[in-house]
J.: 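The structure's right below; bear with me while I get my questions together.
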Amino acid sequence: MEMAEDASENIVIVGGGICGLATALALHRKGIKSLVLERSESLRASGAAIIVHSNGWRALDQLGVASYLRQLTVPILSGQFHSLDDDKLQKLPVGKDELRCVKRIDLMTILADNLPQNSVRFGCNVLSVELDSTTSTPVLQLEDGTSLNAKVVIGCDGVNSTISHMMGVMPRNIFNICVVRGFTSYSSGHDFDSSFKMTKKNNVQVGLMPITTNLVYWFITGKYISQKFKISQQSHKVIRDITAGSVKDFPSSIKEMVENCSLESLHFSEYLRYQAPWDIVRRRFRDGTVTVAGDAMHAMTPFIAQGGSASLEDGVVLARCLAQKTSAGNLSGRVSKKMVEEALDEYLKERKPRVLRLSLQSYLFGKMHDTSSKFIKFICIVFLTLIFYDSHGHTRYDCGSL
Ligand SMILES: Cc1cc2nc3c(=O)[nH]c(=O)nc-3n(C[C@H](O)[C@H](O)[C@H](O)COP(=O)(O)OP(=O)(O)OC[C@H]3O[C@@H](n4cnc5c(N)ncnc54)[C@H](O)[C@@H]3O)c2cc1C
């Protein structure tokens, strides 16, 4: 096997998405160096934007990037749900805690910009990670034929994670719900105020949230699109036209928003993949000094808009645990494997109950949308009411200081 010249690192983070970059920055803030390996050639910010609740803002505050992102976004102060089926208007419970929508590229750029130079290696696809049979040191095999030894490997490689696969974890579960996301820009300002709006007709739901006074993020969920043809294989223009067709009976403000969207911002998710809540309970998520974070650990449906914020929290908690057990910055010194393992266990002990609740809540929402059985819908509502009677309680969570 060919060995790269620089074939040894302390902490390697696989995946430079929201979680990988946040984890690298959290470690950097604690004086701990890491290397992020990202298979894309540049920051991969597909999915247009991300809704960030107050728990996510707390994590961003810890990472030291919240004030910058606040300048790029407007706060969302109210919410409204409009069912066109029976023309009912309902208030959505937002406004008490901080809620904003951030362009993914803005979030990822500021996380990356705060890292030391050369912290992220682009175009670097990790094929596998194995523990050396004698030393138990993680060895990463890269697509370019080289290998890399690391003291610690953190898999932040998303929903199809190679690292969690190594631990026997795969989010194979899907809901047959598809989502189209995009932006629409309004040169003379939009009329949506600072309000999160959801509009529903039959099986189609349109959600929209302003990012600034000129830019609106929107998402459309339904089962309608994949029944027609494989939309993911179509051009952005065709995706826009199909999506516009699916909202033809919606108010003109929504139809125009879709028709005038930025084509490059469009992103289509054919299925919603998730890690089942019972898998989060069962799995260990650590093998030696290898662990996972973000979607690699807890892919969840987007109905409570928490996957990204939970990934930011993961980064903060993981860095804190590693720093506490290994005395910050000293990972290059004589830190034993046992100390690292203890730190990773602390991290998982703190994160598992948190992500279990998020995953269960988003699973019940997903199931409610996915099923056509009135009985299962009813059961989901009962569980949601009993377990999550405070439906926004999860947004008040505080992942603590770095
Ligand atoms: C439709 C939809 C809407 C959503 N809306 C919200 C929302 O409003 N708010 C919210 O908080 N969350 C939302 N989420 C969830 C959120 O997008 C994810 O939880 C978040 O992006 C997870 O970040 P991550 O870094 O763990 O994974 P990813 O963003 O998937 O990043 C993984 C990275 O790893 C890289 N990678 C993968 N494999 C390898 C490899 N072998 N080697 C090297 N690199 C690799 C990938 O290229 C990628 O850059 C939504 C999700 C969906 C599907």
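Counting starts at 1 for both ligands and their atoms, in listed order. Every value quoted in this text rests on a predicted model; they were computed, and no experiment measured them.
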J.: What's the spacing between Leu266 CG and Leu263 CG if we round to 0.5 Å?
T.: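 It comes to 6.0 Å.
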J.: Hey, is Val14 touching ligand 1 through its side chain, its backbone, both or neither, going by heavy atoms under 4.0 Å?
T.: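 The answer is the side chain of Val14.
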J.: Quick check: does any side chain N or O of Thr385 sit under 3.5 Å from a backbone N or O of Ile381, one acting as donor and the other as acceptor?
T.: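 The answer is yes, because a donor-acceptor pair under 3.5 Å joins these two groups.
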J.: Go through ligand 1 atom by atom and flag the ones less than 4.0 Å from a non-hydrogen atom of Ser40.
T.: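 Once the distances to Ser40 are compared, the set is 47 (O).
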J.: One thing to verify: whether Asp241 and Lys237 come together as a salt bridge, which I'm taking to mean a side-chain N less than 4.0 angstrom from a carboxylate O.
T.: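 Answer for the salt bridge query: yes.
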J.: Between Leu60 and Trp57, does a side chain to side chain contact (heavy atoms under 4.5 Å, CB included) hold up when you go through it step by step?
T.: CA-CA 5 Å; Leu60 290 168; Trp57 286 102; 3.8 Å; yes
J.: To check your reading of the model: name the closest protein heavy atom to atom 34 (O) of ligand 1, its residue, and the distance in Å.
T.: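 Among all protein heavy atoms, the one nearest atom 34 (O) of ligand 1 is Gly15 CA, 3.2 Å.
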J.: Atoms of ligand 1 less than 4.0 Å from Ala305 heavy atoms?
T.: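 Result: 7 (C), 8 (O), 9 (N), 10 (C), 11 (O).
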J.: In terms of residue, atom name and distance, what is the protein heavy atom nearest to atom 23 (O) of ligand 1?
T.: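 Here the closest protein heavy atom is Ser311 OG, 4.0 Å.
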J.: In the protein, what heavy atom is nearest to atom 31 (O) of ligand 1, and what distance, to one decimal place, separates them?
T.: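 Answer for atom 31 (O) of ligand 1: Gly17 CA, 3.5 Å.
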J.: Have a look at ligand 1 and work out which part of Ala310, if any, has a heavy atom under 4.0 Å from it: side chain, backbone, both or neither.
T.: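 None of Ala310 does.
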J.: Any N or O on Asn125 sitting closer than 3.5 Å to an N or O of ligand 1?
T.: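 Among all N and O atoms of Asn125, at least one is under 3.5 Å from an N or O of ligand 1.
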J.: Within a reach of under 6.0 Å around CZ of Phe378, are more than 12 heavy atoms found that belong to other residues, nucleotides or ligands?
T.: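 Open: at most 12 neighbouring heavy atoms sit under 6.0 Å from CZ of Phe378.
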J.: Taking NZ, NE, NH1 and NH2 as the nitrogens, is one of them in Lys200 or Asp86 under 4.0 Å from a carboxylate oxygen of the other?
T.: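 Not counted as a salt bridge, because no side-chain N and carboxylate O are separated by less than 4.0 Å.
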J.: Suppose we measure from atom 19 (O) of ligand 1 to each protein heavy atom; which comes out shortest, and what is that distance?
T.: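 Atom 19 (O) of ligand 1 sits closest to the protein heavy atom Asp295 OD1, 2.7 Å.
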J.: For atom 12 (N) of ligand 1, find the nearest protein heavy atom and state the residue, atom name and distance (0.1 Å precision).
T.: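 Of the protein heavy atoms, Gly308 N, 3.0 Å lies nearest.
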J.: Taking heavy atoms and a distance under 4.0 Å, where does Cys19 meet ligand 1: side chain, backbone, both or neither?
T.: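 Near ligand 1, Cys19 shows its backbone as well as its side chain.
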J.: Run down the list Thr221, Val126, Ile163 and name the one with the heavy atom closest to atom 41 (N) of ligand 1.
T.: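 Closest candidate by heavy-atom distance is Val126.
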J.: Does any N/O atom on Ile51 come nearer than 3.5 Å to any N/O atom on ligand 1?
T.: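 It does: an N or O of Ile51 is found under 3.5 Å from an N or O of ligand 1.
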J.: Taking 4.0 Å as the limit for heavy-atom contacts, which would you say applies to Thr162 with ligand 1: side chain only, backbone only, both, or neither?
T.: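 Side chain only; the backbone of Thr162 stays clear of ligand 1.
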J.: May I ask whether Cys124 places a heavy atom under 4.0 Å from ligand 1?
T.: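 Cys124: in contact with ligand 1 (<4.0 Å).
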J.: For the 3.5 Å polar cut-off, considering only N or O atoms, please tell me whether Gly294 and ligand 1 meet it.
T.: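 Not met; the criterion fails.
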J.: Do Arg320 and Glu350 come within less than 4.5 Å of each other through their side chains, counting heavy atoms only?
T.: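 Yes. Closest side-chain heavy atoms under 4.5 Å.
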J.: With a heavy-atom distance limit of 4.0 Å, tell me whether Arg44 approaches ligand 1 through its side chain, its backbone, both, or neither.
T.: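 The part of Arg44 near ligand 1 is the side chain, not the backbone.
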J.: Between Asp144 and Thr146, is there a side-chain donor-acceptor contact under 3.5 Å, judged purely by atom types and distance?
T.: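 Yes, side-chain donor-acceptor contact under 3.5 Å.
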J.: Using the test side chain to side chain donor-acceptor pair (under 3.5 Å), find all partners of Asp191 that sit at least two apart in sequence or belong to another chain.
T.: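 Once residues adjacent in sequence are excluded, Asp191 has no partner under the side chain to side chain donor-acceptor pair (under 3.5 Å) criterion.
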J.: For ligand 1, which is the ligand I care about here, please tell me if Ile50 has any N or O atom under 3.5 Å from one of the ligand's N or O atoms.
T.: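 Looking only at distances, the answer is no, because the N/O contact criterion of under 3.5 Å is not met.
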J.: Please report whether the ring centroid of Phe175 lies less than 6.0 Å from that of His369.
T.: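 Not under 6.0 Å, so no.
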J.: Which option, Arg104, Met300, His53, owns the non-hydrogen atom nearest atom 14 (N) of ligand 1?
T.: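 Nearest option to atom 14 (N) of ligand 1, by heavy atoms: Arg104.
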J.: Aromatic rings Phe219 and Tyr217: how do their planes relate, parallel, tilted or perpendicular, breaks at 30° and 60°?
T.: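 Tilted.
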J.: Which heavy atom of the protein is the closest neighbour of atom 28 (P) of ligand 1, given with residue, atom name and distance?
T.: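 Looking only at protein heavy atoms, the one closest to atom 28 (P) of ligand 1 is Gly158 CA, 4.2 Å.
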J.: Please compare Arg181, Arg121, Arg39 and report which has the shortest non-hydrogen distance to atom 36 (N) of ligand 1.
T.: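 Result: the heavy atom closest to atom 36 (N) of ligand 1 is in Arg39.
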J.: Look only at the side chain of Asn55 and the backbone of Tyr397, and say whether a donor-acceptor pair between them is shorter than 3.5 Å.
T.: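 Not a single qualifying donor-acceptor pair exists.
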J.: Does NZ or CZ of Lys103 lie under 6.0 Å from the centre of the six-membered ring of Phe183, at an angle within 45° of the ring axis?
T.: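 Pair Lys103/Phe183 counts as cation-pi.
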J.: Which option, Asp157, Val102, Leu142, owns the non-hydrogen atom nearest atom 39 (C) of ligand 1?
T.: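 Considering heavy atoms of Asp157, Val102, Leu142, the nearest to atom 39 (C) of ligand 1 sits in Asp157.
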J.: List ligand 1 atoms under 4.0 Å from Ser309, heavy atoms only on the residue side.
T.: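 Those qualifying, in numeric order: 11 (O).
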J.: Side chain, backbone, both or neither: which part of Ala49 has a heavy atom under 4.0 Å from ligand 1?
T.: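 The answer is neither; Ala49 stays 4.0 Å or more away.
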J.: Would one find more than 12 heavy atoms of other residues, nucleotides or ligands at under 6.0 Å from atom CZ of Phe388?
T.: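 Yes, the 6.0 Å shell around CZ holds more than 12 heavy atoms from other groups.
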J.: Run the numbers for me: atoms of ligand 1, each under 4.0 Å from some heavy atom of Leu37, listed by number.
T.: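 Heavy-atom distances to Leu37 below 4.0 Å select 43 (C), 44 (N).
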J.: Atom 35 (C) of ligand 1: which protein heavy atom is closest, and how many Å away?
T.: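 Protein heavy atom with the smallest distance to atom 35 (C) of ligand 1: Glu38 OE1, 3.2 Å.
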J.: Quick one: are Val206 and Val258 in side-chain contact, heavy atoms under 4.5 Å?
T.: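 Heavy-atom side-chain distance check fails, nothing below 4.5 Å.
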J.: Is any side-chain N of the basic residue among Asp279 and Arg282 closer than 4.0 Å to the acidic one's carboxylate O?
T.: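 Judged by the 4.0 Å cut-off on N to carboxylate O distance, Asp279 and Arg282 do form a salt bridge.
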J.: Are more than 12 heavy atoms, taken from residues, nucleotides or ligands other than His82, located less than 6.0 Å from that residue's NE2 atom?
T.: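 Buried by this count: over 12 neighbours within 6.0 Å.
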J.: I'd like to check which ligand 1 atoms, numbered from 1 as shown, lie under 4.0 Å from a non-hydrogen atom of Cys156.
T.: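 So the answer, numbered in order with elements, is 32 (C), 33 (C), 34 (O).
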J.: Among all protein heavy atoms, pick the one closest to atom 4 (C) of ligand 1 and tell me residue, atom and distance.
T.: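 In this structure, atom 4 (C) of ligand 1 has Pro302 CB, 3.5 Å as its nearest protein heavy atom.
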J.: Taking both backbone and side-chain atoms of Val179, is any N or O found less than 3.5 Å from an N or O belonging to ligand 1?
T.: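 No, there is no polar N/O contact under 3.5 Å.
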